[in-house]
Amino acid sequence: MTRRLLVALVTLALLPVLLATAGPVSAGSAASRCDYVPCENAASVNVVVPTPVERATRAKVRVMVRYLSGAARPTGTVVITVKRVGGGLTWTRTRAYTGRITVRTPRLRKTGRYRVTAVFTPEADSGFRPGRGATTFRVVR
């Protein structure tokens with residue numbers, strides 16, 4: 001056997017032993033949460049508004065959050081913001097999230113485009129990352 005092949009075989013034989021004895025690497029509280037919960041678990045935030053919305057009516061905004069991997073149920077808070085494109089209205093609500101959220105905006109008296117943004121913040125020490133979603137809708141006569 002050549003020396004290079006012998007070194008490769010010894011390295012492959014010892015690699016599992018080295019990895020098993022090293023243990024989890026911790027660089028503080030954020031890293032320690034990732035030892036047991038996958039930190040790649042980002043939230044997908046879906047915002048739905050039936051469009052078009054009639055003028056002087058209240059739009060119904062639905063927010064759904066799910067994690068991209070795994071079957072964990074997301075819990076935390078969602079901040080929902082509705083802004084009129086071009087200014088004139090900014091409306092914000094914060095809700096606890098344990099399932100789907102439905103909120104109604106104030107009466108939208110001006111026609112035009114509106115943008116809805118939902119920002120999900122998971123509970124502290126859950127090991128999951130936050131997420132955000134947005135959509136636009138029109139208010140018509």
Side-chain angles (χ1 to χ4, degrees), residues 2-141:
T2 65
R3 181 182 173 114
R4 191 175 280 173
L5 182 61
L6 184 61
V7 170
L9 288 174
V10 170
T11 304
L12 286 175
L14 292 178
L15 186 61
V17 173
L18 290 173
L19 290 176
T21 59
V25 178
S26 178
S29 63
S32 65
R33 286 181 289 180
C34 297
D35 294 341
Y36 306 103
V37 179
C39 282
E40 301 84 34
N41 222 350
S44 169
V45 180
N46 188 16
V47 181
V48 178
V49 180
T51 188
V53 175
E54 296 284 328
R55 187 171 63 116
T57 61
R58 302 171 68 185
K60 188 184 290 189
V61 178
R62 244 182 327 205
V63 178
M64 294 157 286
V65 179
R66 68 179 182 90
Y67 288 124
L68 299 177
S69 62
R73 188 173 192 166
T75 56
T77 59
V78 175
V79 177
I80 302 165
T81 304
V82 177
K83 289 186 178 184
R84 184 171 185 269
V85 176
L89 173 80
T90 300
W91 180 81
T92 303
R93 289 294 178 267
T94 302
R95 297 282 189 261
Y97 188 86
T98 56
R100 180 174 48 189
I101 294 176
T102 302
V103 295
R104 294 181 66 112
T105 66
R107 294 188 187 279
L108 303 173
R109 303 196 187 281
K110 291 190 176 186
T111 60
R113 290 180 53 202
Y114 290 78
R115 182 161 181 81
V116 180
T117 306
V119 179
F120 172 72
T121 305
E123 289 182 339
D125 295 329
S126 68
F128 294 102
R129 291 194 290 176
R132 70 184 309 129
T135 189
T136 59
F137 67 95
R138 290 185 89 65
V139 174
V140 296
R141 287 182 177 237

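Excluded from the calculations below are hydrogen atoms, water molecules and symmetry mates; all remaining heavy atoms, backbone and side chain alike, are included.
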The criterion is side-chain contact (heavy atoms from CB on, under 4.5 Å); which residues satisfy it with R100, sequence neighbours excluded? R62, M64
Could you give the side-chain donor-acceptor pairs of residues 131-141 under 3.5 Å, partners two or more places apart or in another chain?
none

Pairs touching residues 71-99 that satisfy side-chain hydrogen bond (donor to acceptor under 3.5 Å, both in side chains), sequence neighbours left out: T75-E123
Less than 3.5 Å apart, which donor and acceptor atoms pair up between the side chains of residues 101-109 and the rest of the protein, not counting sequence neighbours?
| from | atom 1 | to | atom 2 | distance (Å) |
| --- | --- | --- | --- | --- |
| T105 | OG1 | A59 | N | 3.0 |
| R107 | NH1 | A56 | O | 3.3 |

Quick one: ring-ring contact (aromatic ring centres under 6.0 Å, His included) pairs with a partner in residues 47-69, sequence neighbours left out? Y67-F128
